[in-house]
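Just so you know, these numbers use all the heavy atoms, side chains as well, and skip hydrogens, waters and symmetry mates. So that the names make sense, note that chain A is the first sequence line, chain B the second, and so on, each numbered from 1.
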Amino acid sequence: MPVHDVVIVGGGGAGLRAAIAVAEENPDLSVAIVSKVFPMRSHTVAAEGGAAAVIKDNDSLEDHFRDTISGSDWLADQDAVEEFVREAPSEMIQLEHWGCPWSREPDGKVAVRPFGGMKIERTWFAADKTGFHMLHTLYQTSLKYDNVTPYDEWFVTNILVENGRCQGVTALELRTGKTEVIAAKAVIICTGGAGRIFPFTTNGAIKTGDGMALAYRAGVGLKDMEFVQYHPTGLPGTGILITEAARGEGGILVNKEGYRYLEDYDLGKPLDVTHPDHPVKKSMELGPRDRLSQAFIKEVEKGRTFIDELGHYVHLDVRHLGQKKIDKKIPFVRELASKYAGIDPVYHPIPVRPVVHYCMGGIDTDKEGATTLPGLFAAGEAACVSINGANRLGSNSLTELLVFGARSGRGAAKFAIEHPDLDMSSLEKQALDEQSRITKNFICKQKGSERIANLRQEMTQSMESGAGIYRSESSLKETCNKLAELRDRFSNILIEDRSLTFNTELTSALELDFMIEVARSLAHSALERRESRGSHQRTDHVNRDDQNFLKHSLALQTEEGPKIGYKEVVITSWPPEERVYGR
Amino acid sequence: MTRKTMELEILRYRPEKEERPTFETYEIPFKEEWVVLDAINYIKDNIDGSLSYRWSCRMGVCGSCGMMLNGIPKLSCAVFLRDYYPDKVRVEPLTGFPIQRDLVIVMDDFIHKLKEIKPWIIRDEGQEQSLEEGEYLQSPAELAAFKQYSMCINCMLCYAACPVYAIDNSFVGPAAIALAQRYNLDSRDHGRELRQDVIASNEGVWECTFVGECSEVCPKDVDPAGAIQRGKVSGTIDYFKDVLMPWGG
Amino acid sequence: MSKSSEPIWWSLFAAGGVVAALFIPVLMIITGIILPFTLTGEEPFVFERIHGAATHPIIRLLIFCIIVFPLFHFAHRFRSILVDIGLLKIRPVISVVCYGSAIFGTIVTAIILWSFS
Amino acid sequence: MKPYVREYPNTWWLSRRPYFLFMVREFTAVFVAAYCVFLIYFVYKLSQGPDAYYGVIELLRSPLSIILHIIAFIFAIYHSITWFNLTPKIFILRFGEEQVPPFLISGANFIAWVVVSAIVAWIILVV
C-alpha cells in the first residue's frame with residue numbers, strides 16, 4: 001500500500017499549488033496528486049478572463065477587500081478576505097516567477113484589466129486564456145519536484161477515517177480497475193465544483209462535485225451550497241463561456257430591441273461606447289454576475305430577448321473594439337464564437353445567455369483550508385473558506401486557488417509532520433471493504449434497469465427548474481423530492497460494462513452518485529434560506545434578511561437526507577450595507 | 001419530416017474480451033449543431049454504455065478528446081458532424097500510441113517525455129529574484145517571442161500526425177520539443193543548455209524529417225514543426241561553436 | 001544521452017538543399033533543353049569555351065559545391081526514406097551506405113577537379 | 001490488461017495526400033543526386049579532351065536524355081518550391097511584437113532563385 005505524507009485529491013490549480021507548497025515546505029515530505037484525469041485536463045484550464053490581485057499604485061488592498069465583500073453580499077468571512085487580498089499579490093508574483101506568460105504593459109510590467117464588480121482594474125491576464133496558462137505553468141512547475149508523485153487517472157472513491165482523523169483515501173486505478181488504499185497523514189481535497197449537476201453549464205464533464213460528496217460522506221459539512229453563480233455570458237446550446245473580459249474590454253449587452261437593458265435594473269446609466277470613460281467600473285456591463293444574470297431572466301419575462309431553437313438569448317456586442325484589439329486582448333472569444341456559434345465577433349454580436357458557472361459553496365474550511373475532520377483539508381472551488389459569500393467576484397477564483405491552495409498545502413504539511421502514525425491494518429481492511437462495495441454494487445452488479453444517462457438528465461432538469469436563478473419554496477420542495485426519488489432509483493442502475501480496464505460506465509455511475517449527493521445538499525440549503533441574497537434569489541422572499549440569514553448554511557449528511565444548520569459570518573470591519581452598483 | 005441520421009464507425013477494443021480491435025457501426029441522429037463528441041456521448045448515453053473515451057471541457061482547451069476522424073487527428077469537440085454528413089465517420093484512437101481500451105490511448109510515454117525536457121523556469125545561480133522585488137520585467141516583444149509555443153494543450157494530435165513517432169517511439173516528438181522551445185525562448189529562463197541534452201540528442205530534433213503535419217493538425221497553431229527546425233539550426237550553431245571554440249565562446 | 005554528430009550531416013544536408021534549390025533547375029534547363037535544341041546556337045557549348053572556363057579555380061570550386069552538397073542532401077533524405085518505408089532496424093547500415101556514397105562521390109569529384117587539365 | 005499496439009504500415013505515406021506529397025518531396029533528392037552524378041561524368045569527360053566532350057554533347061541530344069532531363073527537372077522544381085516555402089518555418093524574424101509575415105521570407109527566397117538562375121544562365125550562355 002502506498003503511503004504518503006500528503007495526498008492531494010485533484011490536480012487542478014488548487015491541487016497543484018498545494019502540492020508545490022508541500023514540496024517546498026519540506027523536501028522530505030512525499031506528496032501524491034491523485035487525479036481522475038491528467039492534471040492538465042483539469043477545469044482550471046477553461047478559465048479565461050483573469051486573476052485579481054492588487055499590484056498597481058492606484059489600487060489598494062482595502063479596495064480589493066471592499067469589492068469582494070460587497071460582491072459577496074456580505075456573506076464572505078471578512079477575516080478570510082483580509083488574508084486573501086493580502087496574500088494575493090505575492091502568490092501572483094510567484095506564478096510570474098514560475099513562468100506564467102502574463103500579458104504585459106509596454107514597460108514590461110504585468111498588465112491588468114477591469115472586471116465586473118471592481119472599483120479599480122486589478123485583473124491580471126494572459127490574453128483570455130488565463131486559466132489555461134496558470135494550470136500549465138503550475139503543472140509544468142510541479143514536475144520539477146521529485147517528491148511529488150502523480151497518480152494520474154485514479155478515481156478517489158472514499159475518504160478513510162480512522163481514530164477520528166483522515167488517514168488516506170481509496171482510489172480506483174482506471175487502467176487496471178483495482179481499488180487501492182493510498183494512505184496519507186493528511187489529505188487535501190481540490191476537486192473543483194459541481195456545475196455538472198445542472199444541465200447547462202460552462203463546466204467540463206469532470207466537474208461532478210466528487211470531493212464535496214467525499215467530504216460530506218466523511219461527516220464534514222458543506223457550506224453555503226445554495227449559492228450557485230450563473231455567468232451572464234455563455235453561448236446558447238453549448239454553454240461555452242464567453243469571458244467577462246469581453247465586457248471588461250468594453251463589450252456591451254443589448255436585447256432584441258438593441259437596447260442596453262441593464263440600465264433598467266439599477267446598474268447605472270450607459271455611456272456611449274465611444275465615450276472615453278466607457279466601460280465604467282462597477283456599473284452596467286461591469287456589474288456583478290448575479291445581478292446581470294437576474295436581469296436576463298427579467299428581460300425574458302418582458303419578452304425582450306431573442307429566441308431561436310436553442311432558447312432565449314441577448315447580444316454581447318464587441319464590434320466597436322475593432323479587430324486589432326479583439327485579436328490581442330480576447331482572441332479566444334473570437335475563436336470560440338466563430339467555431340461554436342458560427343459568428344465572427346469582429347462583424348456580428350455574439351448570442352449569449354446566463355449559464356451555471358461556479359459553486360460559491362463547498363466543503364466547510366477555515367482560513368488554513370482545514371475542515372472539521374482532523375487531517376482533511378480542502379481548497380479551490382471544492383472548498384468554501386468563505387471569501388465568495390453569496391456571489392463570487394469575477395477573477396477572484398483563480399487567485400483563490402493559489403492563495404488557499406498554498407495555505408492548505410502548508411497546513412497539511414504541518415499536520416502530517418505532527419501526526420506521523422497511521423493505522424495500517426485498519427486501512428487495509430477498509431480497502432477490502434471498498435473494493436467489494438465497488439465490485440458488488442457496480443462492476444458485477446446484476447439486474448438493474450435505470451440508465452445512468454436518464455437519471456442524470458432527470459437530476460439536471462430538476463435542478464434547473466427548481467433551483468435555478470430564481471427559486472421558491474414550492475419549486476425547491478419539488479426538486480428535493482425529485483432528488484430523494486433519484487437517490488432511491490440509483491440503487492437500481494443498469495451497468496453493462498464488466499471490464500476492469502478504463503471502465504467509464506463505472507466512473508459515470510460513481511460520479512452520478514456523488515452528484516445526487518451534492519445536489520441534495522444544495523437544494524435543501526436553498527429551501528431553508530428564506531431570503532434573497534446574491535446569487536440566491538427567492539421569488540417568495542425577495543429581500544435580504546440580515547436578521548435571520550446573515551450566516552452560513554451548513555449541510556450535514558444524515559440517514560434522512562441533508563440536515564441544514566448555520567454558522568456565523570465573520571464581520572471584522574465592514575458591517576452590512578446596501579449593495580450599490582452604478583450609483 | 002423524417003429524422004436525419006448518420007453513421008459512426010468506431011474502433012472498439014475490449015482487452016478482456018478480444019485479441020484485437022474491431023470496428024463497430026452506430027447509427028446516430030444528425031443534428032446541425034452537434035460536434036462529433038456530442039454524437040459519441042449520444043452513443044454512450046443511449047446505445048452502448050460501455051464505450052470508453054476521454055473528454056471534458058468540450059471547448060477545445062483541455063486537450064482530452066483527440067481522436068482520428070477519417071484518418072486525421074482532430075479534437076472531437078471541435079469538429080462538427082455537418083462537416084461529414086451524410087458520409088460515415090470513422091473514429092479511431094490516436095495513431096502512434098498503444099490502445100488501452102476503445103478510444104483511450106496510453107499516454108505514459110508523453111508524460112515521461114514532458115518531464116524529461118524540464119518544462120519549468122530554470123535560473124542561473126543567484127539570479128532568483130525575491131517575491132518582494134516584484135515581477136520580472138518582460139516586454140510585450142519578449143513575450144511574443146515564445147507565446148506561440150506556450151499555447152500547447154498537450155492534446156497529442158501532433159504525435160498522432162507524426163510518422164516519425166509512429167515508426168520510432170524514441171523520438172522526443174513535436175509537443176515536447178515545442179514546449180522546450182517555449183522555455184528556451186522565455187527571457188526569464190536560463191535553462192536552455194540543460195534542455196539541450198534531450199533536445200539536441202539523436203532522439204531529439206534530429207529525428208524529425210519535417211513532414212510538417214504536426215503543425216497542420218495543431219488546433220492551437222503552436223507550429224511544433226517550426227520549433228523543431230529552429231532547434232536544428234540552433235543545435236547546429238552550438239555544435240560548431242563547440243568544435244571551433246572548445247574553450248567556450 | 002550521447003552527443004550527436006547529426007549537426008554535421010544536417011548542415012551538409014541543408015547546404016545541399018539550398019544549392020539544389022537555387023542552381024540545379026537552371027542547369028537542367030541548359031543541359032536538357034537549351035543545349036540539345038540549340039536554342040542559343042552552338043557557340044556557347046564549344047569545347048574551348050567550356051574547358052577554358054572550367055580551368056578557372058573559382059569556377060571549379062563552384063562546380064565542386066554544386067555537385068557535392070546535393071549529394072549529402074540526397075544521402076540525408078534517402079536515409080530517412082528507407083527508414084520511412086520500414087527499414088528502421090538496419091538504420092546504422094543505411095546511414096553508412098548513404099553518407100558513404102556521398103563521401104565517395106565527393107572524393108571522386110575532388111580528384112577529377114583537382115587533376116583537371 | 002495489455003494495451004494493444006497497432007502496426008504502422010510501411011505504406012503509411014500512401015494513406016493521405018500530405019504524406020504522399022512529403023514522400024515526393026523527399027524523393028526529389030534522388031533526381032537531384034542523379035543529375036549531380038551526371039555532372040561528375042560531364043566534368044570528367046570535359047577533362048578528357050574535345051572528343052570525349054563532344055561525345056557527351058551528342059548524348060545530351062538524344063531523346064532519352066531530353067526525356068530524363070524533363071522528368072528530373074519537374075522534381076527539381078518541386079524541390080525548389082517546397083524548400084523555399086518551408087524556410088519561413090526556420091527563419092522567424094521579429095520586429096518587436098510583430099512577426100515578419102512568412103510569405104515575405106519565402107518571397108525573398110523565390111526572388112533570389114530567379115536572380116541566381118539568371119546569373120548562372122548568363123555566365124554559361126553569354127559571357
With chain A as the partner, which of [options] has the greatest number of non-hydrogen pairs under 4.5 Å?
options	value
B/S139, B/C57, B/P140	B/P140
B/K118, B/R14, B/K147	B/K147
B/N41, B/N154, B/D186	B/N154
B/L131, B/I121, B/I111	B/L131
B/P15, B/C155, B/C77	B/C77

Only residue of B/S56, B/S64, B/C62 satisfying side chain to side chain contact (heavy atoms under 4.5 Å, CB included) with A/V45 is B/C62
Could you go through A/K144 and A/E24, starting from their C-alpha distance and side-chain angles, then the distance that decides it, and tell me whether this counts as salt bridge (charged side-chain N to carboxylate O under 4.0 Å, His left out)? CA-CA 11 Å; A/K144 163 167 92 168; A/E24 295 214 316; 5.3 Å; no
Please classify the contact between [X] and chain B as side chain, backbone, both or neither, with a heavy-atom cut-off of under 4.5 Å.
X	answer
A/E105	backbone
A/L506	neither
A/T202	backbone
A/Q457	neither

Hey, can you tell me if B/Y165 and B/F97 have their rings parallel, tilted or perpendicular (30° and 60° cut-offs)? tilted
Parallel, tilted or perpendicular: rings of A/W154 and A/Y151 (30°, 60°): perpendicular
Heavy-atom proximity to chain A below 4.5 Å, by part of B/A78: both
Which residue, B/R230, B/R195, B/R192, B/E193, forms the side-chain hydrogen bond (donor to acceptor under 3.5 Å, both in side chains) with B/N184? B/R195
Under 6.0 Å from the ring centre and within 45 degrees of the ring axis: does the NZ or CZ of B/R82 meet both conditions for the six-membered ring of B/F80? yes
Quick check with a 6.0 Å cut-off and a 45 degree axis cone: is A/K129 positioned over the face of A/F332's six-membered ring? yes
